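A short write-up of the structure that comes next.
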Amino acid sequence: MLTYEQVRDWVRGRYGPRHAERRITDIGYAYSVSTQPDAYLDGDTSAMTYGNGPDLVVKRTGAVWQFGSGPELMPLYDVRSEDELRRAMAALLPGWDPDRPHATVPLTQARPGFPPVAPAYPAGPPAPAAYPAAPPAYPGSPPAPPAYPAAPQGPEFVAADADNAVLVDAVGVSFDQRDVVTDFAWQDVHAVHHTVRGLCLLVGVTHRNGVFHECRVGAGRQKKLREWSQQLALTLGHYRGGSPGM
């Protein structure tokens with residue numbers, strides 16, 4: 001079983017020691033390792049590289065997988081076991097052999113002399129039950145209906161063209177790209193970026209695991225493009241507090 005110290009030493013050798021600990025996220029059955037350059041991890045968002053996703057390093061075997069950052073591959077980063085990973089690969093990448101990873105971290109990788117360091121994103125407390133149990137009913141009375149929590153409230157931004165759409169609301173950010181919908185809950189969003197290119201609005205989301213996703217929406221007119229940019233900035237400012245990188 002691969003330990004945190006072993007994968008940390010592998011990351012130091014592969015990407016350099018400067019941000020080795022920050023790159024690593026423990027996701028249970030594996031470690032997710034950010035592949036972004038040091039400059040981006042220093043805070044320079046313009047240094048972000050596109051198209052590459054994080055390395056997935058399986059704890060049991062040391063297998064290293066590199067899938068990229070296309071929205072259609074997002075389910076591969078959401079699995080929580082080796083069995084789920086194999087099933088997801090069979091569905092999304094049928095030509096890949098799940099027993100032939102791109103690389104392997106030797107289980108003897110660890111070197112003495114490095115004190116243990118906590119992972120960059122420690123696991124949070126377990127989420128509360130979605131629907132709290134109703135109190136016991138009196139004998140003979142009908143069961144109480146479940147209590148459904150009120151939907152989150154807040155401003156909403158929507159931009160759409162014939163093919164793509166972007167939605168930002170109290171739940172998070174959603175991209176609809178030719179009917180392929182990718183949702184990002186706020187707790188999973190590391191940063192949101194937006195810019196204008198020609199008559200298009202480009203919105204990018206960096207997932208907390210390091211994967212970058214982008215959606216392009218055509219406005220058609222400069223007036224609409226300005227309105228979208230202003231509305232999006234106000235909406236992101238409400239949910240993200242105007243922090244750098246949003």
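A quick note: this is a predicted structure, and the numbers were derived from the prediction, not measured.
- Under the 4.5 Å side-chain criterion, counting only non-hydrogen atoms from C-beta, R240 is in contact with V189.
- I24 and W65 sit in two unconnected hydrophobic clusters of ILVMFWY residues. Membership requires side-chain heavy atoms under 4.5 Å apart, directly or through other members.
- The shortest non-hydrogen separation linking P75 to E72 is CD-O, 3.5 Å.
- With sequence neighbours excluded, no residue forms a side-chain hydrogen bond (donor to acceptor under 3.5 Å, both in side chains) with D176.
- A salt bridge is defined here as a Lys NZ or Arg NE, NH1 or NH2 lying under 4.0 Å from an Asp or Glu carboxylate O, and K224 with D161 fails to meet this definition.
- One finds the CG atom of L76 at 13.0 Å from the CD atom of Q66 (value rounded to the nearest 0.5 Å).
- A donor-acceptor contact closer than 3.5 angstrom links the side chains of D44 and S46.
- Between the S174 side chain and the F184 main chain, no donor and acceptor come within less than 3.5 Å of each other.
- A single hydrophobic cluster is not seen to contain both V7 and I27; linkage of ILVMFWY side chains at heavy-atom distances under 4.5 Å, directly or through other members, places them apart.
- T25 and N209 share no donor-acceptor pair across their side chains, judged by distance under 3.5 Å alone.
- Under a 3.5 Å cut-off, the side chain of Y31 and the backbone N or O of L56 do not form any donor-acceptor pair.
- The closest donor-acceptor contact from the side chain of D169 to the backbone of G172 lies under 3.5 Å.
- Salt-bridge check for R86 with D83: failed, with every basic side-chain N at 4.0 Å or more from each acidic carboxylate O.
- The shortest distance between side-chain heavy atoms of P71 and M74 does not fall below 4.5 Å.
- Between A91 and P94, the closest heavy-atom pair is O-CD, 4.3 Å.
- The closest side-chain heavy-atom distance from N164 to C215 is below 4.5 Å.
- Qualifying side-chain hydrogen bond (donor to acceptor under 3.5 Å, both in side chains) partners for R60, counting only residues two or more places apart in sequence or in other chains: E82.
- No hydrogens or angles considered: a donor-acceptor pair under 3.5 Å links the side chains of Q36 and T49.
- Legend: ring pair (Phe, Tyr, Trp, His ring centres under 6.0 Å) pairs involving residues 81-101, not counting sequence neighbours, sorted by first then second residue: F67-W96, W96-H102.
- Minimum interatomic distance between A47 and P37 (heavy atoms only, all atoms of both residues): O-CG, 3.2 Å.
- Atoms CZ and CG, on R178 and D163 in that order, are 4.0 Å from each other to the nearest 0.5 Å.
- Using a 4.5 Å cut-off on side-chain heavy atoms (C-beta onward), T104 and V64 make no contact.
- A side-chain donor from one of Y15 and D55 sits under 3.5 Å from a side-chain acceptor of the other.
- Through ILVMFWY side-chain contacts below 4.5 Å, L199 is grouped with nothing and stands alone.
- In this structure, V180 shares a hydrophobic cluster with no other residue, the cluster being traced through Ile, Leu, Val, Met, Phe, Trp and Tyr side chains under 4.5 angstrom apart.
- Considering OG1 of T182 and CG of L73, their distance stands at 10.0 Å, rounded to 0.5 Å.
- The two residues E21 and P17 come nearest to each other via the heavy atoms OE1-O, 4.4 Å.
- A single hydrophobic cluster is not seen to contain both V33 and V58; linkage of ILVMFWY side chains at heavy-atom distances under 4.5 Å, directly or through other members, places them apart.
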Note to self: Working note: R23 + D38, criterion salt bridge (charged side-chain N to carboxylate O under 4.0 Å, His left out); need CA distance, chi angles, decisive distance, verdict.
What the structure shows: CA-CA 10 Å; R23 292 180 183 276; D38 283 339; 2.9 Å; yes
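- Within the 4.5 Å cutoff, side-chain heavy atoms of V196 are placed close to those of S229.
- Inter-residue side-chain proximity for E156 and V158 is flagged as met; some heavy-atom pair is nearer than 4.5 Å.
- Side-chain contact between W228 and V217: present, with at least one pair of heavy atoms (C-beta onward) separated by less than 4.5 Å.
- Remark: H213 pairs with no residue by the side-chain hydrogen bond (donor to acceptor under 3.5 Å, both in side chains) rule, at least two apart or across chains.
- Between L41 and S34, the closest heavy-atom pair is CD2-OG, 4.3 Å.
- Under a hydrophobic clustering in which Ile, Leu, Val, Met, Phe, Trp and Tyr are joined whenever their side-chain heavy atoms come within less than 4.5 Å, directly or via other members, L201 and L167 fall into different clusters.
- By the criterion of side-chain heavy atoms lying less than 4.5 angstrom apart, applied directly or through intervening Ile, Leu, Val, Met, Phe, Trp or Tyr residues, L225 is grouped together with V203 in one hydrophobic cluster.
- If you take CD on Q177 and CD on E214, they are separated by 9.0 Å, rounding to the nearest 0.5 Å.
- If you take CZ on R8 and CZ on R12, they are separated by 4.5 Å, rounding to the nearest 0.5 Å.
- Between the CZ atom in F157 and the NE2 atom in H194 there is a gap of 9.0 Å [rounded to 0.5 Å].
- Taking the side chain as every heavy atom from C-beta outward, H190 and V205 never approach each other to under 4.5 Å.
- Judged by a 6.0 Å distance limit and a 45° cone about the ring axis, K59 is not positioned over the six-membered ring of Y29.
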